[in-house]
There are 2 protein chains.
Amino acid sequence: MSSPLDDVVRRGGEWLRGVGPMHEIVISTRVRLARNIRGYPFLWRAGAEQRQDVAETVQAAIQKAPRLSDLVHLDVEALDELDRTLLVERHLISRQHAEGTGARRVAFHTTEVASLMTNEEDHLRIQVMRSGLQLDEAWEQINEIDDALDQNIDFEFDPQFGYLTACPTNVGTGIRVSVMVHLPALKLTNEVEKVAQAARDMKLAIRGLYGEGTEALGDFFQISNQITLGRSEVEIIDDFRRVVIPKIVDYEHAARKALMKDRLHALDDKIWRAVGTLRNARLMSSNEAMQCLSHVRMGVHIGRLSSIDLQTVNELFIQMQPAHLQKLQGDRLNGEQRSIARAALIRSRLSSN
Amino acid sequence: MSSPLDDVVRRGGEWLRGVGPMHEIVISTRVRLARNIRGYPFLWRAGAEQRQDVAETVQAAIQKAPRLSDLVHLDVEALDELDRTLLVERHLISRQHAEGTGARRVAFHTTEVASLMTNEEDHLRIQVMRSGLQLDEAWEQINEIDDALDQNIDFEFDPQFGYLTACPTNVGTGIRVSVMVHLPALKLTNEVEKVAQAARDMKLAIRGLYGEGTEALGDFFQISNQITLGRSEVEIIDDFRRVVIPKIVDYEHAARKALMKDRLHALDDKIWRAVGTLRNARLMSSNEAMQCLSHVRMGVHIGRLSSIDLQTVNELFIQMQPAHLQKLQGDRLNGEQRSIARAALIRSRLSSN
């Protein structure tokens, strides 16, 4: 059984390449815009036909836009559960979009830098992802996409409030900026609260790897704005670039330095035990894999570990997840089978030979 | 600072060679006899001079005996704490003997198959150790030593009760037989209670690695008789050889088979994680090292692991202990330093190169 997603599985998204400014600590930058089409009700009171119309209108507009003509279009409603989960693991659609009902689609660049979800919470959600801290680049690209679509779609816009959205927390700019950071040292020194405080001071939220309502896994955190009304996009982005992210990056660097100075043996022990576990375990949960890969990633960045390739580590973060594992194996796997397959995949990718 | 024990550190005792009957599960066989010299009070009411006399009388008798002339004699009272602990780790003296006060000595074969403690709980304790299940051989040798000393020492013996000892639990034969068994599979399947029940049925005690009052560490257990009165030495030894040990060995073999049949992935996971931890950790407690070495030892015996040398594993059980570590390093080490040195020793001995 072949699927339009078979190709996606083996590729790595651009945002996971582990490059870009501050990439040692800033994994990726994501900007998304929420848009709705004038003349259609918000989705929570739209009928099936209206949803269908919205999906087709958006797809047609995308296909007409000159720089969006090469996007991959997928009918999310028609995909099986495994493919939908795969897209979530890839951050190409949200969990909510995967688990929803009714007509809904996604279109994305094969490089995975941009994805457009139709009928998620709003009629349209545009998302741009970059590796490292690339706020301006992401903002510039999403702006271009928004403008291009604006030529062919009449978005709901109120002169006083700005863009109107299904959930009031998005009204205004409809922008959400999310920066994913890797803070293993702050986790080891029990100082993540400092980051949470810095975020709260700027009215930003701190969340786990898959956004709202998810736990921080393997020391990865998402910092995102909560306010979309009363601050311009440029002001919001500036908060991230000039204040919050540099502060968080400094905290993490300071924690790494402190660990190397005062607790080098304990730090090396954490890093090398992670290597030992990844290279030897025969059963592994995704949580444990995430945690071990996290320590290995830090180990390479701080120069305590040189025998492991970072690109491989970055790919494993994605490939060891349930849907990816099953796609790679070409078979449905139960919990224990996934645990076996995950351990085997990691061993083969990280073997010392 | 050189010590008479520097040589001992690097050697492995005969009983740790990992050979002998049933050596996969039976680590060692130990037989000891408790003896007291007529004309001297039991130690708990002996004065300093009497203790001294006892020590000298025993040493003279040993040196006169034809087959005991090449024993190493050590004045335990004069040894520093580290050397005394080393002898305990080597099972050449008991904890009680190490921590006691007043004149006390030990004499042992350089092969460490026999050791004679003066002024432990009784005036004399003779101990013979063998690897694997070698009850007859151990009994034969200890009998010879006992007879040889009997030529020159008048032991307290009562025609009705037998040998008289400081503690009433040893009166009679004064014999204690202890068999050390390695039961990792029964531990994993939560069936150690079956062994404890089999031991209780035969009025035997089950204890940890260092005898009375010690916890079972790394899946090692000591099975020993509690009754010394009313049963002959031969009857006691027969209980072990014909009933208890074969039953325990069968239980452990059955548990290993069941794990290999029903939970092979989980079993391999335990074994290989132990390998990964031993080869990579930078800090390691003796408890964790014991547990990991235990799983590795089983892994080699059941054929799930071939890249590791059993002799090395057996030596590490002894060498990774606190006093051995400090002797090997030639320096006093605090807790963290021992943890670092232990991890480094194990890594270097088990490295895959």
Side-chain angles (χ1 to χ4, degrees), chain A residues 188 259-289 291-293 295-296 298-300 302-308 325 329 333-353, chain B residues 188 259-289 291-293 295-296 298-300 302-308 325 329 333-353:
Chain A
L188 287 176
L259 286 173
M260 296 200 17
K261 186 170 163 289
D262 305 324
R263 291 163 56 192
L264 187 60
H265 289 291
L267 182 66
D268 277 348
D269 189 57
K270 280 257 182 258
I271 294 166
W272 283 98
R273 277 174 186 260
V275 173
T277 301
L278 293 167
R279 281 185 174 158
N280 288 283
R282 262 55 183 171
L283 295 172
M284 195 175 293
S285 71
S286 53
N287 281 12
E288 187 185 19
Q291 187 61 66
C292 288
L293 289 168
H295 285 152
V296 166
M298 172 177 61
V300 175
I302 63 175
R304 304 303 301 172
L305 192 58
S306 61
S307 56
I308 286 187
L325 272 184
Q329 295 265 319
L333 304 175
N334 65 26
E336 199 202 2
Q337 291 167 331
R338 287 203 299 276
S339 175
I340 294 167
R342 179 178 298 114
L345 169 73
I346 293 173
R347 277 202 315 282
S348 75
R349 298 293 310 276
L350 294 183
S351 73
S352 39
N353 308 320
Chain B
L188 287 175
L259 286 172
M260 297 206 7
K261 185 169 166 289
D262 305 325
R263 290 162 58 190
L264 187 60
H265 290 291
L267 182 66
D268 278 347
D269 189 57
K270 281 259 182 258
I271 294 165
W272 283 97
R273 277 174 187 261
V275 173
T277 301
L278 292 167
R279 281 187 174 157
N280 288 283
R282 261 57 182 170
L283 295 174
M284 195 174 295
S285 72
S286 53
N287 282 11
E288 187 185 19
Q291 187 61 66
C292 288
L293 289 168
H295 286 153
V296 166
M298 172 176 62
V300 175
I302 63 176
R304 303 304 299 170
L305 193 58
S306 61
S307 56
I308 285 186
L325 273 184
Q329 294 266 320
L333 304 174
N334 65 26
E336 199 202 2
Q337 290 167 332
R338 287 202 300 274
S339 175
I340 294 167
R342 178 177 298 113
L345 169 73
I346 293 172
R347 279 203 314 284
S348 76
R349 297 294 311 274
L350 294 182
S351 75
S352 39
N353 305 320

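Naming: A, B, ... by sequence-line order, numbering from 1 per chain. Keep in mind it's a predicted model, so treat the numbers as computed, not measured.
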Taken in chain and number order and not counting sequence neighbours, the residues that satisfy side-chain hydrogen bond (donor to acceptor under 3.5 Å, both in side chains) with A:Q291 are A:D219, A:H295
Do any of residues 262-271 of chain B come closer than 4.5 Å to chain A, heavy atom to heavy atom, and if so which ones, in number order? B:H265, B:A266, B:D268, B:D269
Any residue of residues 334-341 of chain A which, by heavy atoms, sits under 4.5 Å from chain B: A:E336, A:I340
Under the rule for side-chain hydrogen bond (donor to acceptor under 3.5 Å, both in side chains), what residues qualify as partners of B:R349, not counting sequence neighbours? B:E315, B:Q319
